[in-house]
Amino acid sequence: MATTPKPDAAPRMTEAQRAYEAKRAAKNGMSLEKWLAAKEKEREDERRAASADAARRTAEVAPPKKPTLFRRLLDRAQQPLKPSR
C-alpha cells in the first residue's frame, strides 16, 4: 500500500542528491537535517524578500503617461459632434 507524501513535506531527493547534500553539510560542519532546514529557511527568506520588493514596486506610483496619438483620436471620436455655424 503506497502512502501519499504530505503536501508540506520537502520533495523527495535521489540517493545521489542526498549524498551531495550530505557532503556539503559535512563540509559546513552541520548534520544533513540541519543543512536542509537552513536551506529551506534561506529559500523562504528569499521568497518573502522578493514578494516584499514586488509589493513595494507596485506601491510606487508611476507618473501618468502622455496620451498617444491613437488614444487622443479615440478620445476625440467619443466626444459629441459640435454644431456647425
Side-chain angles (χ1 to χ4, degrees):
M1 184 157 133
T3 60
T4 58
K6 294 179 184 175
D8 60 333
R12 302 266 314 157
M13 293 192 307
T14 64
E15 288 302 316
Q17 289 171 327
R18 195 164 183 78
Y20 174 76
E21 293 297 339
K23 229 186 273 186
R24 289 183 67 195
K27 187 174 181 180
N28 287 299
M30 303 171 97
S31 69
L32 180 61
E33 291 76 25
K34 275 187 173 180
W35 175 255
L36 294 176
K39 281 183 64 175
E40 183 59 34
K41 185 178 183 304
E42 286 176 11
R43 274 191 225 113
E44 185 60 36
D45 290 344
E46 287 175 3
R47 278 188 224 122
R48 195 174 297 119
S51 65
D53 187 42
R56 181 188 54 80
R57 277 189 266 136
T58 57
E60 293 174 355
V61 177
K65 294 182 180 178
K66 181 180 175 184
T68 61
L69 173 66
F70 190 65
R71 170 80 329 206
R72 290 192 311 255
L73 288 174
L74 283 174
D75 288 343
R76 186 173 287 174
Q78 296 297 320
Q79 295 175 355
L81 296 174
K82 296 181 182 177
S84 61
R85 296 185 201 179

Problem - Residue pairs passing the side-chain hydrogen bond (donor to acceptor under 3.5 Å, both in side chains) test where at least one lies in residues 46-55, sequence neighbours excluded - result: Glu44-Arg47, Asp45-Arg48, Asp53-Arg56, Asp53-Arg57
Handout entry: Backbone N/O of Ala37 and side chain of Glu40: donor-acceptor pair under 3.5 Å
Key = no
Which side-chain N or O atoms in residues 75-83 pair as donor and acceptor under 3.5 Å with protein atoms at least two apart or in another chain?
none

Fill in the blank from the handout: Note: with side-chain heavy atoms under 4.5 Å as the link, the other cluster members for Tyr20 come out as none
If you look only at distance, which donor and acceptor atoms sit under 3.5 Å apart when one is on a side chain in residues 23-35 and the other is two or more places apart or in another chain?
residue : atom : partner : partner atom : Å
Asn28   : ND2  : Arg24   : O            : 3.0
Ser31   : OG   : Lys34   : N            : 3.2
Trp35   : NE1  : Glu21   : OE1          : 2.7

Practice task
For Leu69, check side chain to side chain contact (heavy atoms under 4.5 Å, CB included) against everything at least two apart and list the hits.
Solution key: Arg72, Leu73
